[in-house]
Amino acid sequence: MTDLTGRVALVTGGTRGIGLATVRALVDAGATVVLTGRDESRAKEAAASAGAAAGLALDVTDAKAVSSLVRSVAKEHGKLDVVVANAGIMEDALLGMIKEDVVDTTLSTNVAGTLHTVQAAARAMMRKKTGAIVVLASIVGEYGSAGQTVYAASKAAVANIAKSAAKELGRSGIRVNAVAPGVIETDLTAGLSEDAKAENTGKTPLGRLGRAEDVANAIRFLVSDEASFITGQVLGVDGGLVL
Ligand code: NDP
């Protein structure tokens, strides 16, 4: 199994779903993990349930708060080796029905929130000239999705954040990759109808929807030394859905 003993990791949006599964995967591999969520008591509860070092309140849309939290985690633990910019939201709307507040919240959470997290992570990792960052893209960011134009656009931007940051940070020893999950059963997709689930399962060569752990395992690989020559990649975790 991947060994992350001695590594310090931060996972945003670690209170549930893919984020919480990632916290568990990193803790299992020996890392000291701090998770965040918008609500402090939910974050603390999640941290206790997953064996994380701390659960802290953070809204990733707040650039100053992200910067100061990342700095204080790195200070408290002496360094920051791994950051997973996982926090994200999804709201569906057909083109003609898209409301401006959905555009604002989606872009400020998924795009600006990821950017703030990657910026702060890079600053914290720069001193030691080593680190691994993973951001959460989506298959819809590459292939599009009817009724999800805003979300899909935000995830296309997230994939590009990984590629551009990887180019910029490689010489500083910092790797940046994205995972692009397919349909993963979490709160985010809980609203999918049984028909939609069956349709997606039918289109998936591996014959099932994804589990949060499927994505967490890919993230754990990407932040580990086993992926030490991998950067700027967008790794699909979708059971072959896009084939
Ligand atoms: P969930 O809805 O289950 O969890 C989302 C997490 O993000 C929660 O921990 C939530 O914390 C946190 N969060 C949301 N908004 C903010 C914010 N403004 N500031 C800080 N934290 C926030 O989603 P998933 O686990 O399914 O998704 C995780 C990531 O994976 C997202 O980026 C999503 O877009 C992406 N993804 C998911 C797919 C899927 O099929 N599930 C497919 C492709 C990509 P809290 O509510 O406690 O604040």
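Note that the structure is a prediction, hence the values are computed from the model and not measured. Atoms within each ligand, like the ligands themselves, are counted from 1 in listed order.
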Closest approach of Ala227 to Leu222 (non-hydrogen atoms, all atoms of both residues): CB-O, 3.6 Å

Atom pair NZ (Lys155) and OG (Ser145), whose distance is rounded to the nearest 0.5 Å: 13.0 Å

Does NZ belonging to Lys79 count more than 12 external heavy atoms closer than 6.0 Å? yes

Compute whether any side-chain donor of one residue and acceptor of the other, for Asn110 and Thr106, lie under 3.5 angstrom apart. no

of all protein heavy atoms, closest to atom 42 (C) of ligand 1 is Gly182 O, 3.1 Å

So for ligand 1, is Pro181 a polar contact partner (N or O within less than 3.5 Å, distance only)? no

For the pair Arg7 and Asp225, evaluate salt bridge (charged side-chain N to carboxylate O under 4.0 Å, His left out) and give the outcome as yes or no after the intermediate values. CA-CA 11 Å; Arg7 305 286 163 93; Asp225 290 346; 2.8 Å; yes

Which one of Val66, Val179, Asn86 has a non-hydrogen atom at the shortest distance from atom 31 (C) of ligand 1? Asn86

Residue portion contacting ligand 1 (non-hydrogen atoms closer than 4.0 Å) for Ile18: both

Nearest heavy atoms of Ile18 and Pro181, plus distance in Å: CD1-CG, 4.4 Å

Considering heavy atoms of the protein only, find what lies nearest to atom 17 (C) of ligand 1 and give residue, atom and distance to 0.1 Å. Arg38 CD, 3.5 Å

Nearest protein heavy atom to atom 36 (N) of ligand 1, by residue and atom, and its distance? Tyr151 OH, 3.6 Å

Any idea which atoms of ligand 1 are less than 4.0 Å away from a heavy-atom of Thr109? 15 (N), 18 (N)

Honestly, for Ala180 the part within reach of ligand 1 (heavy atoms, under 4.0 Å) is neither

What is the nearest protein non-hydrogen atom to atom 40 (O) of ligand 1, stated with its residue, atom name and distance? Ile184 N, 2.8 Å

Tell me which one of Gly210, Ala21, Ala137, Ala65 gets a heavy atom nearest to atom 44 (C) of ligand 1. Ala137

Thr5 side chain to Asp3 side chain, donor-acceptor N/O pair below 3.5 angstrom: yes

Is Thr186 close to ligand 1, meaning an N/O of one under 3.5 Å from an N/O of the other? yes

A quick test of your reading: do over 12 heavy atoms of other residues, nucleotides or ligands sit less than 6.0 Å from CZ of Arg208? yes

Distance filter under 4.0 Å to Thr189 heavy atoms, resulting ligand 1 atoms: 39 (C), 40 (O), 41 (N)

Per-atom filter on ligand 1: closer than 4.0 angstrom to a heavy atom of Ser138 are 43 (C), 44 (C)

Does only the side chain of Arg42 get under 4.0 Å from ligand 1, or the backbone, or both, or neither? Count heavy atoms. side chain

What protein heavy atom is closest to atom 21 (N) of ligand 1, reported as residue, atom name and distance in Å? Ala87 CB, 3.4 Å

Are Val27 and Leu20 connected into the same hydrophobic cluster when the rule is that any two of I, L, V, M, F, W, Y join if their side-chain heavy atoms are below 4.5 Å apart? no

Check contact between Ala43 and ligand 1, using heavy atoms of the residue and a distance below 4.0 angstrom. no

Could you tell me whether the side chain of Tyr151 reaches within less than 4.5 Å of the side chain of Glu91, counting heavy atoms only? no

Is Arg16 in polar range of ligand 1, meaning some N or O pair under 3.5 Å apart? yes

Got more than 12 heavy atoms from elsewhere within 6.0 Å of NZ, Lys99? no

What heavy-atom pair brings Val237 and Asp214 nearest, and what distance separates the two atoms? CG1-O, 3.7 Å

Should you measure from each heavy atom of Gly17, which atoms of ligand 1 turn up under 4.0 Å away? 3 (O), 25 (O)

Which of the numbered atoms in ligand 1 are under 4.0 angstrom from any heavy atom belonging to Asp187? 3 (O)

Start with the C-alpha distance between Asp187 and Arg16, add both sets of side-chain angles, then the distance that settles salt bridge (charged side-chain N to carboxylate O under 4.0 Å, His left out), and finish with yes or no. CA-CA 8 Å; Asp187 292 351; Arg16 50 202 163 90; 3.1 Å; yes

Look at the side-chain heavy atoms of Ile, Leu, Val, Met, Phe, Trp and Tyr, link any pair under 4.5 Å apart, and say whether Val176 and Met126 land in one connected group. yes

Same cluster for Val82 and Val66 if Ile/Leu/Val/Met/Phe/Trp/Tyr side chains link at under 4.5 Å? no

For Ile89, counting its heavy atoms only, list the atoms of ligand 1 lying under 4.0 Å from any of them. 14 (C), 15 (N)

Can you find an N/O atom of Leu136 closer than 3.5 Å to an N/O atom of ligand 1? no

Counting heavy atoms only, which part of Lys155 comes closer than 4.0 Å to ligand 1: side chain, backbone, both or neither? side chain

Could you tell me if any non-hydrogen atom of Met90 lies under 4.0 Å from any atom of ligand 1? no

Check: Lys128 and Asp81 side chains under 4.5 Å, non-hydrogen atoms: no

Return the residue, atom name and 0.1 Å-rounded distance of the protein heavy atom closest to atom 23 (O) of ligand 1. Leu188 CB, 3.6 Å

Among all protein heavy atoms in this structure, tell me which lies nearest to atom 6 (C) of ligand 1, with the distance rounded to 0.1 Å. Gly13 O, 3.7 Å

Can you list the atoms of ligand 1 that are under 4.0 Å from a heavy atom of Gly37? 48 (O)

Under 4.0 Å to a heavy atom of Leu58 - the qualifying atoms of ligand 1, by number: 19 (N), 20 (C)

Are Gln148 and Asp92 close enough that a side-chain donor and a side-chain acceptor fall under 3.5 Å? yes

Looking only at protein heavy atoms, identify the closest one to atom 18 (N) of ligand 1 and say how far it is in Å. Asp59 OD1, 3.0 Å

Tell me whether ligand 1 is touched by Thr12 - counting only heavy atoms on the residue side and a distance under 4.0 Å. no

